[in-house]
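Notes for the one structure printed next.
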Amino acid sequence: MSDETRLGLDFVRQWVKDDMETGRFSPPVVTRFPPEPNGYLHIGHAKAICLDFGIATEWGGRTNLRFDDTNPVKEDVEYVDSIRQDIQWLGFTWEDREFYASDYFEQLYEWAAFLIKEGLAYVDEQSPEEISQNRGTPTLAGKPSPFRDRPVDINLELFQKMKEGSLPDGAMVLRAKIDMAHPNLNMRDPVMYRIKHAHHHRTGDTWCIYPMYDWAHGQSDAIEGVTHSICTLEFENHRPLYNWFLEQLEIPHPPRQIEFNRLNLSFTMMSKRKLLDLVQKGLVKGWDDPRMPTLTGIRRRGYPPSAIRAFVTAIGVSKTDGMIELSALEYYVREELNRTAPRVMVVLNPLKVVLTNWPVGKVESLPADNNPEDGNAGTRTITFGRELYIEAEDFLEDPPKKFFRLSPGKEVRLKHGYIIACNEVVKNTDGSIAELRCTYDPDSRSGEAGGRKVKGTLHWVHAADCVEAEVRLYSTLFTKRDMGDIEEGKDYTDYLNPESLTTVRALGEPAIRQAKIGLGYQFLRHGYFTPDSEHFSPEVPVFNRTVTLKDTWAKIEKRTEN
RNA sequence: UGGGACGUGGCCAAGUGGUAAGGCAUCGGAUUUUGAUUCCGACAUUCGCAGGUUCAAUUCCUGCCGUCCCAGCCA
């Protein structure tokens with residue numbers, strides 16, 4: 001192979017390529033995405049999904065969806081439904097290849113019996129505590145179980161008995177007979193089966209013994225003809241065991257496990273356990289809370305799947321355990337939405353403006369382009385009149401230098417409308433600003449040839465027809481950049497951001513009533529927003545802020561403060 | 001004091017013996033009826049550190065340092 005073809009491939013893709021070129025495997029390339037149905041998928045899983053499905057597609061191969069349902073006490077159908085939906089939303093399909101580790105329980109059982117007959121597995125009657133105790137430590141070899149060397153026929157008999165159901169949970173386990181002094185703890189006679197009298201969401205009460213991950217995973221891969229079993233770094237220590245089982249069973253073209261770095265994102269955490277905890281403690285409103293890193297949360301937040309895919313491609317794959325800045329994700333979300341999101345004007349914090357030289361009762365229609373980035377997006381009509389609302393932050397009585405928004409005696413353009421000048425500030429008795437009295441320049445209508453230029457352009461809404469909307473503004477759920485590095489004595493809830501959600505009553509142009517769930521809209525000069533999938537209606541528009549626009553002015557302001 | 005893996009700019013990440021791609025971020029500047037977008041430009045004499053081999057090392061060798069993972073009948 002030439003050097004050029006090597007360039008740019010991440011190491012996983014490179015290894016797959018090498019395997020196919022050296023003939024370690026013959027086509028097709030088969031991968032699998034193996035979620036445990038015990039929680040919702042998050043953006044870290046999106047990286048794995050893009051890799052698993054992406055690589056197979058690149059080789060004209062296929063990817064199986066296989067639920068790793070070997071622990072009935074933690075798993076539930078609620079999760080399998082959400083997982084299916086999330087993968088599809090991300091844009092991938094497994095066609096009819098939806099499998100379950102539990103589909104293979106019978107085969108696994110037979111293979112286990114085979115290993116017993118080969119003298120490679122035994123039934124252990126030690127208590128869980130004893131097993132743990134006798135496993136040793138990283139620096140101390142383990143002690144062999146007193147049951148380690150019992151005869152094959154007794155093992156077979158006991159294993160049968162484990163399966164039959166007369167034994168209580170924990171009474172005995174089946175263990176692989178490898179090496180109690182192995183430096184890799186996973187090789188110290190790992191447990192293959194445990195007794196659990198639990199109802200399984202698929203196999204019901206057929207089984208009371210369930211295979212452990214290590215015993216089920218590689219064999220399931222083998223059964224499905226998987227060539228490349230791609231998983232995250234923490235399974236590196238399991239690879240010797242993965243290979244050991246395959247070898248003892250003499251699987252002809254054993255699948256190859258490849259481990260890559262999982263995604264860590266700043267200001268968020270991916271621990272399924274903690275995500276569950278957030279939901280159960282009511283610290284967020286559910287798995288689909290727009291602040292959650294779950295795919296369902298992100299979807300409700302308005303992140304387009306194409307942006308997630310672009311992001312995953314951009315961050316790459318390696319074996320370095322690092323952390324990606326949130327800003328990188330947000331960049332790809334903005335990039336997609338900038339191209340596709342219709343523009344609309346919404347004032348989040350209204351300040352009334354009266355145009356004193358505009359005739360009372362006169363209303364003028366103005367054309368407004370829907371998306372300057374998209375020539376096919378067309379225009380809509382908005383209305384303009386005597387009373388308007390602008391953003392309160394766009395007016396300052398005593399402006400700093402380079403503030404090219406509105407202030408007394410200054411003028412700005414109202415987007416798609418006219419240039420106005422501020423003449424008078426009307427105040428309430430408490431000194432706060434009640435409204436602005438301004439004049440408009442009749443010769444400055446938007447688009448008119450020879451129009452004057454002013455430095456600032458503001459968004460606004462017409463008081464006569466604007467509609468009220470609830471807008472939910474989100475920021476990071478946590479205040480700490482590295483949520484994997486929590487101080488002694490603290491726990492992740494100590495870093496919850498009290499300002500992760502603020503809700504405002506906003507005023508928008510009438511078009512926001514027609515917003516479609518699942519689509520993104522740019523609220524001019526604010527950011528990208530999407531109708532809330534649960535609460536939005538044309539009568540009561542509710543929007544979630546997906547991401548803000550980049551805000552250079554805010555940056556400058558912040559800099560001068562410090 | 002064991003084993004496995006990883007250390008390239010603030011964050012990712014190519015490159016793996018011939019003199020440091022790219023993206024995000026940051027900082028300038030141009031354009032702009034979104035302080036957005038777009039566009040130009042700047043941003044590692046250096047690849048965890050120290051030695052060694054070589055005409056030449058981020059790439060090879062040795063030693064050291066740092067980080068992550070492993071002692072579930074979880075996955």
With a 3.5 Å cut-off and just heavy-atom distances, do the side chain of A:Gln522 and the base of B:rU34 make a donor-acceptor pair?
-> yes

Return the nucleotide paired to B:rC60: Watson-Crick means purine N1 to pyrimidine N3 with N6-O4 or O6-N4, wobble means G-U with N1-O2 and O6-N3, both under 3.5 Å.
-> B:rG52

What is the nucleic acid contact for A:Arg273, judged by heavy atoms within less than 4.0 Å: base, sugar-phosphate only, or nothing?
-> nothing

Would you mind telling me which of B:rC73, B:rU34, B:rC70 lies closest to the side-chain atoms of A:Pro128?
-> B:rC73

Provide the distance between the two P atoms, one in B:rA20 and one in B:rG9, to the nearest whole Å.
-> 16 Å

How is A:Ile131 classified with respect to the nucleic acid when contacts are heavy atoms under 4.0 Å: base, sugar-phosphate, or nothing?
-> base

Would you indicate what A:Glu236 reaches in the nucleic acid, counting non-hydrogen atoms under 4.0 angstrom: base, sugar-phosphate, or nothing?
-> sugar-phosphate

In Watson-Crick or G-U wobble terms, both distances under 3.5 Å, what is the partner of B:rU19?
-> none

Assign A:Glu129 to base, sugar-phosphate, or nothing according to its heavy-atom contacts below 4.0 angstrom with the strands shown.
-> nothing

Distance-only donor-acceptor test (3.5 Å): side chain A:His459, base B:rA36 = no

Using a 4.0 Å heavy-atom cut-off across all strands, classify A:Met172 as base, sugar-phosphate, or nothing.
-> nothing

Please evaluate the base of B:rU34 for a donor-acceptor partner in the side chain of A:Arg343 within a cut-off of under 3.5 Å?
-> yes

For B:rC47, which nucleotide in any strand shown is its Watson-Crick or wobble partner with both distances under 3.5 Å?
-> none

Please give, in whole Å, the distance from B:rC24 C1' to A:Tyr332 OH?
-> 6 Å

What nucleotide, of B:rA71, B:rC27, B:rA25, holds the atom closest to the side chain of A:Thr137?
-> B:rA71

Pair partner, B:rA14 [Watson-Crick or wobble, under 3.5 Å] = none

When both distances are under 3.5 Å in a Watson-Crick or G-U wobble arrangement, the nucleotide paired with B:rA25 is none

Measure distances between side-chain N and O atoms of A:Arg525 and base N and O atoms of B:rG35, and say whether any donor-acceptor pair falls under 3.5 Å.
-> no

Touch check for A:Pro372, heavy atoms < 4.0 angstrom, all strands: base, sugar-phosphate only, or nothing?
-> base

When all nucleic acid strands are considered with a 4.0 Å heavy-atom cut-off, which category describes A:Gly142: base, sugar-phosphate, or nothing?
-> nothing

Quick one: look up who B:rA5 pairs with, Watson-Crick or G-U, both distances under 3.5 Å, and put none if it's unpaired.
-> B:rU67

Any-strand Watson-Crick or G-U partner of B:rU38, both distances under 3.5 Å | B:rA30

Base, sugar-phosphate, or nothing: which does A:Val317 touch, judged by heavy atoms less than 4.0 Å apart?
-> sugar-phosphate

Decide yes or no, distance alone: a donor-acceptor N/O pair under 3.5 angstrom between the base of B:rU33 and the side-chain of A:Ser446.
-> yes

Picking from B:rC12, B:rA75, B:rU37, the nucleotide nearest the side-chain atoms of A:Arg194 would be B:rA75

Can you find a donor-acceptor N/O pair under 3.5 angstrom joining the side chain of A:Arg413 to the base of B:rU33?
-> yes

What nucleotide among B:rC74, B:rC70, B:rG35 has an atom nearest to a side-chain atom of A:Lys74?
-> B:rC74

Taking atom types as they are modelled, is there a donor-acceptor pair under 3.5 Å from the base of B:rC69 to the side chain of A:Asn237?
-> yes

